[in-house]
Every structure is written in structure tokens, then in C-alpha cells.
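These notes are about the structure you will find just below.
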Number of protein chains: 2
Amino acid sequence: MTAVDFAVFVEELADAAGRTLLPFFRTSLGAEDKSRGGMFDPVTEADSAAEVAMRRMITQTFSSHGIIGEEFGNDRADAEYVWVLDPIDGTKSFISGIPTWGTLIGLLHNGVPIYGMMVQPFTREYFMGDGKAARWRGPGIDHAPIERKLKTRACASLAEVTLMTPSPLLYPPDELAAFRRVETAVRLSRYGYDCYAFAMLASGHVDCVMEAGVQAYDIAPLIPIIQGAGGIVTNWTGGSAAQGGNVVAAGDRRIHTAVLELLAG
Amino acid sequence: MTAVDFAVFVEELADAAGRTLLPFFRTSLGAEDKSRGGMFDPVTEADSAAEVAMRRMITQTFSSHGIIGEEFGNDRADAEYVWVLDPIDGTKSFISGIPTWGTLIGLLHNGVPIYGMMVQPFTREYFMGDGKAARWRGPGIDHAPIERKLKTRACASLAEVTLMTPSPLLYPPDELAAFRRVETAVRLSRYGYDCYAFAMLASGHVDCVMEAGVQAYDIAPLIPIIQGAGGIVTNWTGGSAAQGGNVVAAGDRRIHTAVLELLAG
């Protein structure tokens, strides 16, 4: 099986997730409506429903494959092929109505991410990669769908870097100190985006993205997109990011090297 | 002249701005491409071109009106009717490829904001209000445009608040200390959004938005949207926010009162 074989299938998964999620996005119901006593949490409902839909499609199509999902845990996680699913990456954006959350779908072969997609159903954007190449499909200037190759941009020094991280409030103290060493060295530090930050790195608009304490399903689907666009993504000591933990992605290898040095202290 | 008279005209302005801006969004050219030596800055180019287009339309249609714009300053700022234009609110999002910037268009009557629109051309979203009502038009689940009334949500106490601010890095020390007093009292604090945060407050997904040191064109166009949706927006001492400065918006008056008390120290 090659990446080409299941690229179409991954889009079908993404579209099934999108159809499930959009009705829950910007709903006035739920945990965010304090008058209802929190009986209905739209994020949990949406997350669960989308993962159920994707798990069913995977099981029906590839019965021997494993699945790692945010909501329903691991199923045959030691299979040759394992799917990694995060229906809503960026739940805080989702509940705040901000369209920078995404659905993440990844495929591991013997534990190595070989294909990944991030889809943003509201903006109708797909970011996908197989580690060798990456592409984007989304609305063009006339709003009709267009497709582009994704390529990270060159960046020679930290003083030229645009850095993104979801929020400094999410870092434990030691990691925050390490993050601050990087932040004070860059040109622009921006907060507030989850998977969308990695997508913009792959698109060549951001130079470095850092996160602390991520789960495998938060990052594994993004790795083939970032690498396919020419970027590099590892944990903070230079090892594989596929299992999650503290991760750093850079569009240019020189920036990655410089950041790892600062993180080492 | 009533708000109804020029609602159509404001949309024409917004669409002219969008047509001008979108070709510059996510371009690989310009200041963000370090290999070109900064000869071409897509944000400045886009900002200027969009404001020129809007100024020309206003001058041709309402020759006696004044204009306050981010790029080209004040023109008859003491006229009875004055337009307030910010072609790209959220330039840092714009240069990072994140679709949470917006074009702001406001109309003042004797200095009071009486109509405002925020448009996000990439997501095809329009947020508009006249101080009495507010509405949103954007893509529905099937991506065809739909329209909804905007309404802020009820929120009884700070402990239930979702708070947004563009970035704590933008606050001077005294303002940062005051902001931190609020931040530590709320349930969720989120960074990273400019006008989009106020739009989500008007939409009922966010309870409070704070900013320090904003210009009149950053906030005046948003005031009729926030107020039209049932929210309240003032400066940090409870006065008018129309001239900019430090601003705080809340969807529920109880939250606004509680925040002003904390800001007073």
C-alpha cells in the first residue's frame, strides 16, 4: 500500500468528520451556555461523533488496521498500519467560535507517520502530506477550490523568526523558562493557534512552532505535512516527535538547530 | 440619512477592500521573504491599496463626509459624518497567513459610531451592526451564505468568563498588571485575535475582550456591532471607547462592571 492508495480515503474521512463537526461549531447550546447547567457539551459531543464516524469507516475499509483516537483510545495500536485521529485539535478555539481548529488524520506504518491531513471544515481548507511532498486545497480569490504545493520558507537566523505557540499559560515552569529563551531571541512571537500554526509553517508563513506536552494524536498527523513541505519537526531534544511530548517544528533546518541549542540551556 | 441607507454602500466598500486584499494574503513575496531585501511589503501594499479604493468610493459618493484611515490619516475629521477605515486589523495574523484579521469600516455621526462592519474576505464573513441590532453573514454548513442575528451571551460571574486579548506582550507594565488581575479571575484566557475576538463576543462565544493602546480606527467600527448584539464596550475607566485607548468589551453588563472594578485596582 502506498500513500497514493489512501489519499482519497483520507479525504472521505475528513469530509465525514467535517459534516459531523460543523453543526456543533458556534452553537449556542451546551457547556458554553451557563443557563443549561452543562448537561450538553458541544465539544465532547462533536469530538465523539466525528471520531465514531471515522472509526467506523476505517474498520469497514481496513479491518486489520489499528486506531489511536483522542476520544476512544487505542485499538490494535501495534498493528502494521495504525490511524491516528484527533477530531478537534484546538478545542479552545472551537468553543470560542474561532475557525483555527482542525481535524487531524494520520497514518502510521510500523510506528512511522507516512501520511497526514489537517482539514478545517469551516474555511474548507485541506493540508496534506506524505513526508516527501505536501499540498493545500482551499478557496481561491474567487472562492472556487484551488490547490497549491506547500513549501516552508528559508530563514537564516532567529532574529528573523516568526514563532508560534498555543499559549505560554500551558507550559510547566521549566518548559516555560526554556520557551522564553527562544521567544526573546526571535523577531515576532505569536500565541493562539494549534494545528493551524503548523499548517502555516508548512505554508511558508511562519518559521517556528513550539508546543509542550502534546499527545501523539496532536502531532503525528502533522509530521508528514511539515516534512513534505521541507520542514523539520522533532521533540525538544531532537528525537522523534511521533509519540508527542514537547515538540518543535521549523521551516528551515538552521532555525531548528538554533532552537534546540537554546532549549538545551 | 439612516443606517439603512448606507448598509448596502458599506458592503460595497467591504467587497472592494476584499478584492484588493486577498491577492496579497499568503503571498510568498515581500517583507516576509528575506531574500528580497524588504523592497516590497505586502501588508503595507495591501493596506494602502484597500484604503485608497475605499476612500475613492466614499469621496465620490459622499463628498461632504470626512475620513479617518489607518494609512492616509484624517480628512475633514470634524465633518458631521466621518468614515473610519482600517483595511487590515490584525496585520500580524495577516502576515502569518491566519484568517482572523479583518477589514473594519465604521461611520461616525457627530463623533458617535452609528454603523460598523467587520469583513473577513477569506472566510467570506460579514459582521455588521448599528448599535441597536447586529447580524452576521457567512458560509453555512453547505457553504452557501446564510445570515444570523448576533447576540451576546449571558454570563453572571468572572469565574465563568472566556477572556480574549491580542497578546500580553503588547501591554505596558502598568496595564499588564491590571490585565493580569482580570486574567487570574477568569475561567479561560486566550491570546491571538484582534477584531475577530470582538466579533466572537458579539456572536456569543466569548465573554470579555480587552486591549491596550488601540487607535480609534481599531475600535470605532466595532462599537455598533458589539452594542447592537447587546454587549457593552468602553475604555478602562468606563468612558467612551470611540477614541481608542485601553478598551474593554463584555457581552454581559455584570462582567463589564466586575472587570472595571478589577482594573481600578
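These numbers come from the heavy atoms of this one structure, side chains and all, not from hydrogens, waters or symmetry mates. Each chain gets a letter, A, B and so on, in the order the sequences are listed, and its residues count up from 1.
Of the inter-residue distances, the one linking B:D86 atom CG with B:D218 atom CG reads 5.0 Å to the nearest 0.5 angstrom.
Of the N and O atoms on the side chains of B:S93 and B:Y196, not one donor lies less than 3.5 Å from an acceptor on the other residue.
Counting heavy-atom pairs closer than 4.5 Å to chain B, the top-ranked of the candidates A:P166, A:G18, A:P99 is A:P99. Most heavy-atom pairs under 4.5 Å with chain B: of the set A:E183, A:R19, A:K92, this distinction falls to A:K92. No other option in B:M164, B:K151, B:M200 has as many heavy-atom pairs under 4.5 Å with chain A as B:M200. When the candidates B:I141, B:V206, B:T100, B:T123 are compared by the number of heavy-atom contacts under 4.5 Å with chain A, B:I141 comes out ahead. Options B:G138, B:P139, B:A199 differ in how many heavy-atom pairs under 4.5 Å they form with chain A, and the most are formed by B:P139.
Side chain of A:N246 to main chain of A:G213: a donor-acceptor pair is present (N/O by atom type, distance under 3.5 Å, no hydrogens or angles).
Salt-bridge formation is not detected for the pair A:E160/A:R254: no Lys NZ or Arg NE/NH1/NH2 atom is positioned less than 4.0 Å from an Asp or Glu carboxylate oxygen.
A:G116 and A:I225 make their closest contact through O-CG1, 3.5 Å (heavy atoms, listed as atom of the first residue, atom of the second, distance).
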